[in-house]
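Just so you know, ligand 1 is whichever comes first in the structure, and atom 1 is the first atom listed for that ligand. Model, not experiment: these values are computed from the prediction.
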Amino acid sequence: MKIIRKISEVKKIQSNKEIALIPTMGAIHSGHLSLIEKAKENGSFNIVSIFVNPIQFANKDEYKNYPSNINSDIEILKKLKVDAIFVPQIKEMYPKGFSTNINIGPIGNVLEGKFRPGHFSGVATIITKLFSIIRPDHAYFGQKDAQQCMVIKKLNNELNLGVKIFITPTIRDNNGIAISSRNKNLNESQLKAAESLFKSLCLGKKLFDKGIKNSKYIKNEMEKLILKSEVAKIDYISIANFNNLEEIDEITPPTLISLAAWFGETRLIDNILLK
Ligand code: AMP
């Protein structure tokens with residue numbers, strides 16, 4: 001496995017296979033592994049990038065506390081026989097004086113974008129940079145970050161970046177909690193309480209499957225379930241059109257039910273798609 005730290009070294013990669021990029025912020029877990037497995041199935045030359053992108057964190061503490069374990073990440077990725085990893089330093093990606101910022105428009109200002117101002121501009125900027133540096137044929141992202149997937153697809157289309165985007169399903173633990181690097185920061189009772197997120201999403205889907213279309217009613221039922229635990233603090237529960245993320249009163253699929261909630265100092269997100 002090649003370990004690439006400099007942008008100039010990326011150009012030296014020689015492969016007659018198509019190139020696949022799997023962007024991550026490290027602290028590799030089974031969610032990341034599912035993206036890598038999918039890329040491997042497609043038989044490409046696989047590059048995993050590991051970069052905790054400072055400009056996508058509105059909150060400095062959240063950035064500082066973001067889990068990182070580069071040595072163990074490298075060992076895991078070596079065992080998986082990933083072809084190369086790209087692990088640039090911050091000054092390599094954002095040299096002094098860097099000021100470009102990609103504004104993705106309204107879709108970046110709702111939901112996660114509303115609670116994390118500037119987040120999607122940071123995401124769009126780093127993904128554009130990674131696509132420009134690596135020039136991948138394919139790139140892999142997880143449905144767990146549904147809004148991020150939409151932002152990246154839009155960016156890729158509107159700036160004609162020409163990358164084939166693959167979205168893979170959310171990997172969950174045995175209790176339904178979406179695997180996330182942030183789960184490491186939860187204590188036992190918070191972890192237990194966090195089970196309510198996926199349960200509430202399933203409840204939302206169940207109510208819809210029973211024929212209930214009223215978003216307000218469904219959101220209320222979901223909220224009641226989550227707030228049974230006193231540990232949880234909800235940022236939002238959204239029922240939105242899957243194409244533009246506009247909130248809808250009456251569900252007509254495709255609809256995205258998504259939510260964000262705090263458990264202590266840890267903020268988790270999750271979603272389910274109604275087709
Ligand atoms: P991150 O390191 O959190 O930026 O995630 C890197 C990529 O892995 C993103 O495309 C995420 O959507 C994806 N990902 C993170 N957690 C999961 C999960 N539980 N299931 C599937 N994909 C995931």
Side-chain angles (χ1 to χ4, degrees), residues 20-42 46-59 62-63 65-70 72-74 76-77 80 82 85-88 90 93 108 111-113 116 119-131 134 136 138-156 163-186 191 194-195 197-198 201-202 256 258-260 266-273:
L21 172 65
I22 302 111
T24 80
M25 296 206 294
I28 298 295
H29 54 63
S30 51
H32 299 128
L33 300 191
S34 72
L35 304 187
I36 297 168
E37 289 305 328
K38 185 76 200 161
K40 284 178 120 188
E41 277 171 27
N42 287 345
N46 298 322
I47 305 182
V48 173
S49 63
I50 300 180
F51 182 66
V52 183
N53 178 31
I55 67 166
Q56 73 185 61
F57 289 85
N59 177 327
E62 202 196 343
Y63 172 63
N65 297 334
Y66 197 84
S68 158
N69 193 344
I70 189 72
S72 103
D73 286 353
I74 290 176
I76 295 170
L77 297 173
L80 279 177
V82 165
I85 61 171
F86 180 52
V87 258
I90 293 186
M93 296 303 267
L111 307 176
E112 286 303 287
R116 306 179 68 192
H119 173 66
F120 287 113
S121 178
V123 168
T125 304
I126 191 64
I127 292 298
T128 307
K129 277 186 73 86
L130 288 169
F131 282 8
I134 311 250
H138 307 162
Y140 293 79
F141 298 91
Q143 176 63 25
K144 176 182 162 273
D145 298 282
Q147 189 176 8
Q148 171 169 281
C149 292
M150 294 170 81
V151 164
I152 289 165
K153 279 185 177 170
K154 191 169 166 67
L155 173 78
N156 187 52
V163 178
K164 186 160 186 215
I165 307 288
F166 290 85
I167 309 294
T168 65
T170 303
I171 304 298
R172 303 180 176 281
D173 72 9
N174 291 337
N175 300 319
I177 300 178
I179 306 285
S180 161
S181 312
R182 291 183 167 88
N183 296 354
K184 288 187 184 142
N185 298 336
L186 299 171
L191 200 60
E195 289 174 17
L197 297 187
F198 187 52
L201 290 167
C202 292
L256 185 73
S258 63
L259 47 75
T266 307
R267 186 174 183 277
L268 301 180
I269 60 171
D270 203 350
N271 68 79
I272 200 165
L273 184 60

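For the atom pair CD1 of Ile85 and CG of Leu80, the computed distance is 11.5 Å after rounding to the nearest 0.5 Å. Between the OG1 atom of Thr24 and the CD1 atom of Ile50 there is a distance of 4.5 Å, given to the nearest 0.5 Å. Considering CG of Asn53 and NE2 of His119, their distance stands at 9.0 Å, rounded to 0.5 Å. For the atom pair Leu111 CG and Phe120 CZ, the distance stands at 8.0 Å (nearest 0.5 Å).
Residue Gln143 places every heavy atom at 4.0 Å or more from ligand 1. Heavy-atom separations between Ala27 and ligand 1 are all 4.0 Å or longer. Heavy-atom separations between Thr170 and ligand 1 include at least one value shorter than 4.0 Å. Assignment of Tyr66 to the shell around ligand 1 is supported, since a heavy atom sits closer than 4.0 Å. Proximity of Pro169 to ligand 1 is established by a heavy-atom distance of less than 4.0 Å.
The local environment of NZ in Lys184 is crowded, with over 12 non-hydrogen atoms from other residues, nucleotides or ligands closer than 6.0 Å. Counting non-hydrogen atoms of other residues, nucleotides and ligands closer than 6.0 Å to NZ of Lys40 gives a total above 12.
The side chain of Lys144, and not its backbone, has at least one atom closer than 4.0 Å to an atom of ligand 1 (non-hydrogen atoms only; side chain from C-beta on). For Ser180, no heavy-atom contact with ligand 1 is shorter than 4.0 Å. No part of Thr168 comes within 4.0 Å of ligand 1, judged by heavy-atom distances.
Remark: minimum distance from atom 22 (N) of ligand 1 to any protein heavy atom is reached at Gly142 CA, 3.5 Å. Protein heavy atom nearest atom 12 (O) of ligand 1, with residue, atom name and distance: Asp145 OD2, 2.6 Å. Distance from atom 15 (C) of ligand 1 to its nearest protein heavy atom, with residue and atom name: His29 CE1, 3.8 Å. If you check which protein heavy atom lies closest to atom 1 (P) of ligand 1, you get His32 NE2, 3.6 Å. Scanning the protein for heavy atoms near atom 4 (O) of ligand 1, the closest one is Met25 CG, 3.6 Å.
Note: an N/O pair closer than 3.5 Å links Ile171 and ligand 1 by distance alone. In terms of polar-atom proximity, defined here as any N/O pair under 3.5 Å, Ile179 does make such a contact with ligand 1. In terms of polar-atom proximity, Pro23 is not counted as a contact of ligand 1, lacking any N or O under 3.5 Å from an N or O of the ligand.
Interface of Leu35 with ligand 1, defined as ligand atoms under 4.0 Å from a residue heavy atom, comprises 7 (C), 8 (O), 10 (O), 13 (C). When each atom of ligand 1 is checked for a heavy atom of Thr24 under 4.0 Å away, the hits are 2 (O), 6 (C). Annotation for ligand 1: atoms under 4.0 Å from non-hydrogen atoms of Phe141 are 10 (O).
Every salt bridge (charged side-chain N to carboxylate O under 4.0 Å, His left out) that Glu62 has, sequence neighbours left out, goes to Arg116, Arg182.
No donor-acceptor pair under 3.5 Å is formed between the side chain of Asn46 and the backbone N or O of Leu21. With hydrogens and angles disregarded, no donor-acceptor distance shorter than 3.5 Å links the side chain of Asn69 to the backbone of Ala27.
Ring geometry for His138 versus Tyr140: interplanar angle over 60°, hence perpendicular rather than tilted (30 to 60°). Between Tyr66 and Phe57, the ring planes are perpendicular. Angles over 60° get that label, and only those under 30° would be called parallel.
Phe141 pairs with exactly one of Ile22, Ile127, Thr168 by the side-chain contact (heavy atoms from CB on, under 4.5 Å) rule, that one being Ile127.
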